[in-house]
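Below: the structure, in structure tokens.
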Amino acid sequence: MFDNIPDNNGTSGLSSSSDDEDRVLTGIEGFDEICNGGFLRDRTYLVSGNSGAGKTNFAIQFIYNGIVNYGEPGLIVATEEKPQHIRENVAKFGWDLKALEDEGMLAIIDASSTKIGVPSQEKFVDVRPFDMRSMIDQIITAQEDVGATRALVDSSTALGFQIQDPARIRVELLKLSSTLEILGLTSIMTCETINENEVSRFGVENFVTQGTVVLNYHKADNVRTRSIEVYKMRGSDHSKKMHPYDITSQGIVIHPNEEVYMF
Ligand SMILES: Nc1ncnc2c1ncn2[C@@H]1O[C@H](COP(=O)(O)OP(=O)(O)OP(=O)(O)O)[C@@H](O)[C@H]1O
Ligand SMILES: [Mg+2]
């Protein structure tokens, strides 16, 4: 068991930070406990994992909870899935993103449609061809519109493929990650991985972010199990173990007092 999991004070299953730093609660059941009280404010985190692991759900839950539970407006940059698909997918968890957009608490930037050359009806649309400066300008516009303090870029991998040159991927993603922090956003960038031994796709994303959370959808004996690991968290203690999690009808639920044994 993680020695530093703070006492549960009985408020919606969340724990509080054990130090003086300003923590941003994700409100994702079990997660704030395994990272010693939530993310550090104004920092960018990588959430990586294989396809279907639950990266998008995890990250949207962070944004949704931020608005609904903590009054922190959010913005989402959708580089891979169409915003409308994201809205429909997470509606199954009872999360009504459209209502939050209508209330002026959430902005979604469509950075997927122009990439594949189809028109978009969205309010915020990124331009083509891809250019990091333009994307950052869109982020600033969207942030001003809703006053966002939380952000999600889903996914960094799609951006990496736009940039192509490996050396530039690191520089451009560092630019994005640092800009989000300067803008006063606590952010998640998602990242697709292909094999279980890697924590990022291009081998650089975890170096340009302040922390890395790995979601793993692992197959053994014809059964798939889900595990989460806080792989890195600069400036913070955290659980060093892999913990099981489920995707339920209410979203992601992590079991901080259970461990996963890979075989
Ligand atoms: N309503 C639901 N109830 C339970 N599980 C669900 C529900 N909706 C989706 N899931 C699970 O979530 C998975 C998809 O999660 P998500 O889209 O967050 O994955 P991802 O890691 O972002 O994948 P990708 O890399 O393909 O984008 C589905 O494959 C399914 O197992
Ligand atoms: Mg996804």
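All ligand and atom numbering here is 1-based and tracks the order in the structure. Quick note: residue numbers are just sequence positions, from 1.
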Could you walk me through whether Glu88 and Lys98 pass the salt bridge (Lys or Arg N to Asp or Glu O under 4.0 Å) test, one step at a time?
CA-CA 10 Å; Glu88 289 167 13; Lys98 183 72 172 56; over 6 Å; no
Take Arg87 and Glu122 through the salt bridge (Lys or Arg N to Asp or Glu O under 4.0 Å) test and state the conclusion after the steps.
CA-CA 12 Å; Arg87 292 185 191 100; Glu122 298 292 329; 2.7 Å; yes
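The closest protein non-hydrogen atom to atom 30 (C) of ligand 1 is Arg226 NH2, 4.1 Å. Distance from atom 14 (C) of ligand 1 to its nearest protein heavy atom, with residue and atom name: Asn57 ND2, 3.9 Å. When hydrogens are left out, the protein atom nearest atom 3 (N) of ligand 1 is Thr248 O, 3.8 Å; that is the closest non-hydrogen contact. Looking at atom 19 (O) of ligand 1, its nearest protein heavy atom turns out to be Gly54 N, 3.2 Å. At the top of the distance list for atom 13 (C) of ligand 1, counting protein heavy atoms only, stands Gly52 O, 3.8 Å. When hydrogens are left out, the protein atom nearest atom 26 (O) of ligand 1 is Ser51 OG, 3.1 Å; that is the closest non-hydrogen contact. Here the protein heavy atom with the shortest distance to atom 17 (O) of ligand 1 is Thr56 CB, 4.0 Å. Looking only at protein heavy atoms, the nearest one to atom 5 (N) of ligand 1 is Ile247 CG2, 3.3 Å.
Contact annotation: the side chain of Ile169 never approaches that of Asp165 to less than 4.5 Å [non-hydrogen atoms, C-beta and beyond]. In this structure, the side chains of Phe124 and Leu75 stay at 4.5 Å or more apart for every pair of heavy atoms. No side-chain heavy atom of Val153 sits under 4.5 Å from any side-chain heavy atom of Thr190.
Taking only nitrogen or oxygen atoms, main chain and side chain alike, Ser249 does not reach within less than 3.5 Å of ligand 1. Polar contact with ligand 1: present for Ala53 (N/O pair, distance under 3.5 Å). Looking at ligand 1, you won't find any N or O of Phe93 less than 3.5 Å from one of its N or O atoms. Considering both main-chain and side-chain atoms, Tyr217 never comes within under 3.5 Å of ligand 1 through any nitrogen or oxygen pair. Ligand 1 has no nitrogen or oxygen under 3.5 angstrom from a nitrogen or oxygen of Glu192.
Here Thr56 meets the criterion, with an N, O or S atom under 2.8 Å of the Mg ion (ligand 2).
A salt bridge does not link Arg23 with Asp32: none of the charged nitrogens is closer than 4.0 Å to a carboxylate oxygen. In this structure, Glu172 pairs ionically with Lys175, as a charged nitrogen and a carboxylate oxygen lie closer than 4.0 Å. By the 4.0 Å N-to-carboxylate-O rule, Asp237 lies close enough to Lys240 to be salt-bridged with it. Taking 4.0 Å as the cut-off between side-chain N and carboxylate O, Glu181 and Arg234 do not count as a salt-bridged pair.
At a heavy-atom cutoff of 4.0 Å, ligand 1 is contacted by no atom of Leu215, backbone or side chain.
Taken together through direct or relayed side-chain contacts under 4.5 Å among Ile, Leu, Val, Met, Phe, Trp and Tyr, Phe202 and Ile188 form parts of separate hydrophobic clusters. Taken together through direct or relayed side-chain contacts under 4.5 Å among Ile, Leu, Val, Met, Phe, Trp and Tyr, Leu215 and Phe93 form part of one hydrophobic cluster.
Not close to ligand 1: Asn89, with no non-hydrogen atom less than 4.0 angstrom away. Every heavy atom of Asp154 sits 4.0 Å or more from the atoms of ligand 1. Distances shorter than 4.0 angstrom do not occur between any heavy atom of Gln250 and any atom of ligand 1. Residue contacts with ligand 1 leave out Gly49, since none of its heavy atoms falls under 4.0 Å from the ligand.
Applying the 4.0 Å criterion to heavy atoms of Lys92 picks out, from ligand 1, the atoms 1 (N). Ligand-side atoms of ligand 1 in range of Asn50: 21 (O), range being under 4.0 angstrom from any heavy atom.
Although no hydrogens or angles enter the test, the distance criterion places no donor-acceptor pair under 3.5 Å between the side chain of Gln164 and the main chain of Gly160.
Phe58 and Phe31 have perpendicular rings, their planes meeting at more than 60° on a 0 to 90° scale where under 30° would count as parallel.
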